[in-house]
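Written out below as structure tokens is the structure these notes cover.
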Amino acid sequence: MAEVLGEVAKALDRYAAPGMEEGGRRDSHFGVSKKAIEIGLLFLKLLGKVETAKNSQDLYAWKTCLHHMAGPIYIFAITHSLEQPWTSPRSQNIAGEVLSLLLQVCSCGSVAGFLHGENEDEKGRFTLIMELLKCDLNKESWKNNPATKHVFSWTLQQITRPWLNQHLEKILPPSLLISDDYQPENKILGIRCLHHIVLNVPAADLLQYNRAQVLYQAIFNHLYTPEHHVIQAVLLCLLDLLPILEKPLQWKGAVARPTTQCDEVLQLILTHMEPEHRLLLRRTYARNLPAFVKRLGILTIRHMKRLERVIIGYLEVYDGPEEEARMKILETLKLLIQHTWPRISCRLVVLLKALLKLICDVARDSSLTPEPVKTALLQEATDCLILLDHCSKGQVKCLLAKIPQSCEDGKVVNCIRKVEQASEGAHYDGT
């Protein structure tokens with residue numbers, strides 16, 4: 001009887017499942033939400049009977065039935081509770097009620113507890129859910145049901161440390177499969193699954209069997225994608241993966257430090273940044289650049305020539321009212337000066353010209369850029385000038401000394417005065 005009810009629950013879930021999207025058509029899911037409402041109401045009645053049976057002599061029998069029904073009912077609930085092309089507000093509400101009642105009947109306080117168990121003695125149902133999804137998560141069939149990838153991704157996000165590593169063999173292949181698709185939305189979904197794995201699986205488990213290197217190669221290849229949302233997901237994931245891959249090196253002075261994966265990533269980012277003209281991609285690259293400079297530290301010297309060209313090029317281009325790209329490039333420049341100050345003096349004049357040009361452009365800017373943004377840009381540029389002056393032992397102050405006498409723009413003069421004031425109290429013994 002219990003197994004029969006389990007099979008019925010699977011059949012009902014399949015009946016209400018959305019079909020394959022043909023040619024990306026959204027109307028191909030017509031009628032799915034209506035089916036979901038009907039099946040959802042039926043599941044509510046079934047779960048209601050189980051809840052009622054808790055105080056009856058048939059409790060054991062219903063518990064056995066629930067063991068077989070819980071997986072399909074959970075998959076149904078997640079499929080139709082998320083906002084998707086095949087759902088409607090009514091079907092989402094019904095599915096949400098089904099999920100809440102399922103957790104109540106199973107005596108679980110949360111979805112995470114339902115999946116990994118409420119305590120150490122309880123096994124949880126994540127393995128069961130993955131077994132049910134398995135047949136729809138292979139290379140040939142994963143696109144037959146567009147809900148499967150979302151159910152997998154959402155379920156995966158609910159499992160964190162210390163429970164996730166025991167399921168690594170089950171979750172890694174489908175995550176890689178989804179990320180390797182040609183559609184940007186699937187790439188992002190898969191990369192976010194991989195990022196969750198990186199964050200919640202111990203480094204030792206990821207390094208075992210070369211898994212971390214497999215992850216790195218799969219994610220790194222997405223850097224050639226021209227979609228800014230994909231690039232953002234990739235860079236965030238890489239920044240958390242690189243510390244796992246790159247063990248601290250014991251450097252011997254007579255031998256050059258070997259290049260790392262972080263060097264490889266930064267080199268490719270800079271290669272793409274230099275000729276990039278699309279604003280959204282420029283902002284995405286600039287947004288993440290400071291983190292890579294901070295990670296490499298003084299080893300950023302290896303990339304100085306290209307970094308210099310990128311910084312100067314990006315400071316010259318207006319980036320819209322929020323000026324996100326130029327703000328992040330200035331942050332990058334500050335970090336670069338702090339970490340590589342012995343190599344900055346030979347680039348002093350070039351960087352000084354770029355910063356002064358930026359200050360003049362911002363001071364005279366009559367566009368729709370808000371005043372707080374202009375103020376922040378001027379302050380960041382001034383901070384860079386102060387750092388340049390410090391690592392050049394006062395050369396910047398000397399080079400700027402005559403500007404206040406000939407410049408009539410109060411904002412520009414104010415920036416120069418701040419540099420002079422900071423220089424007067426400085427002690428030039430390194431940065």
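Worth saying up front: this structure is predicted, and the values here are computed from it rather than measured.
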Next on the checklist: If you count every heavy atom of other residues, nucleotides or ligands that lies below 6.0 Å from Glu322 atom CD, does the total exceed 12?
Outcome noted: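 Incorrect, the count does not exceed 12.
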Next on the checklist: Does His229 have more than 12 heavy atoms from other residues, nucleotides or ligands lying within 6.0 Å of its NE2?
Outcome noted: no
Checklist entry - So do the side chains of Leu348 and Val396 get within less than 4.5 Å of each other, counting heavy atoms only? => result yes
Next on the checklist: A side-chain contact here means heavy atoms from C-beta on lying under 4.5 Å apart; do Asn288 and Ile269 qualify?
Outcome noted: no
Next on the checklist: Working note: Thr155 + Tyr74, criterion side-chain hydrogen bond (donor to acceptor under 3.5 Å, both in side chains); need CA distance, chi angles, decisive distance, verdict.
Outcome noted: CA-CA 10 Å; Thr155 301; Tyr74 169 85; 2.8 Å; yes
Thinking salt bridges, do [X] and [Y] make one under a 4.0 Å N-O criterion?
X      : Y      : value
Lys328 : Glu331 : yes
Arg278 : Glu276 : yes
Glu274 : Arg306 : yes
Glu323 : Arg326 : yes
Glu169 : Arg211 : yes
Asp383 : Lys418 : no
Asp319 : Arg282 : no
Lys411 : Glu371 : yes

Next on the checklist: If you apply the rule side-chain hydrogen bond (donor to acceptor under 3.5 Å, both in side chains), what do you find for Gln267 with Asp263, and how did you get there?
Outcome noted: CA-CA 6 Å; Gln267 183 178 359; Asp263 286 298; over 6 Å; no
Next on the checklist: Does Asp389 form a side-chain hydrogen bond (donor to acceptor under 3.5 Å, both in side chains) with Ser423? I'd like the steps, not just the answer.
Outcome noted: CA-CA 7 Å; Asp389 181 71; Ser423 182; 3.0 Å; yes
Checklist entry - Going through the distances and angles, do Gln92 and Ser81 end up as a side-chain hydrogen bond (donor to acceptor under 3.5 Å, both in side chains)? => result CA-CA 4 Å; Gln92 286 179 257; Ser81 61; over 6 Å; no
Using only atom types and a distance under 3.5 Å, with no angle test, would you say the side chain of [X] pairs donor to acceptor with the backbone of [Y]?
X      : Y      : result
His339 : Val293 : no
Ser153 : Lys149 : no
Asp205 : Val201 : no
Glu246 : Gln261 : yes

Checklist entry - For residues Tyr318 and Thr369, is any side-chain donor paired with an opposing acceptor at under 3.5 Å? => result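 Judged by distance alone, the side chains do pair up.
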Item to check | Distance (rounded to the nearest 0.5 Å) between Gln183 CD and Ile178 CD1 | outcome: 12.0 Å
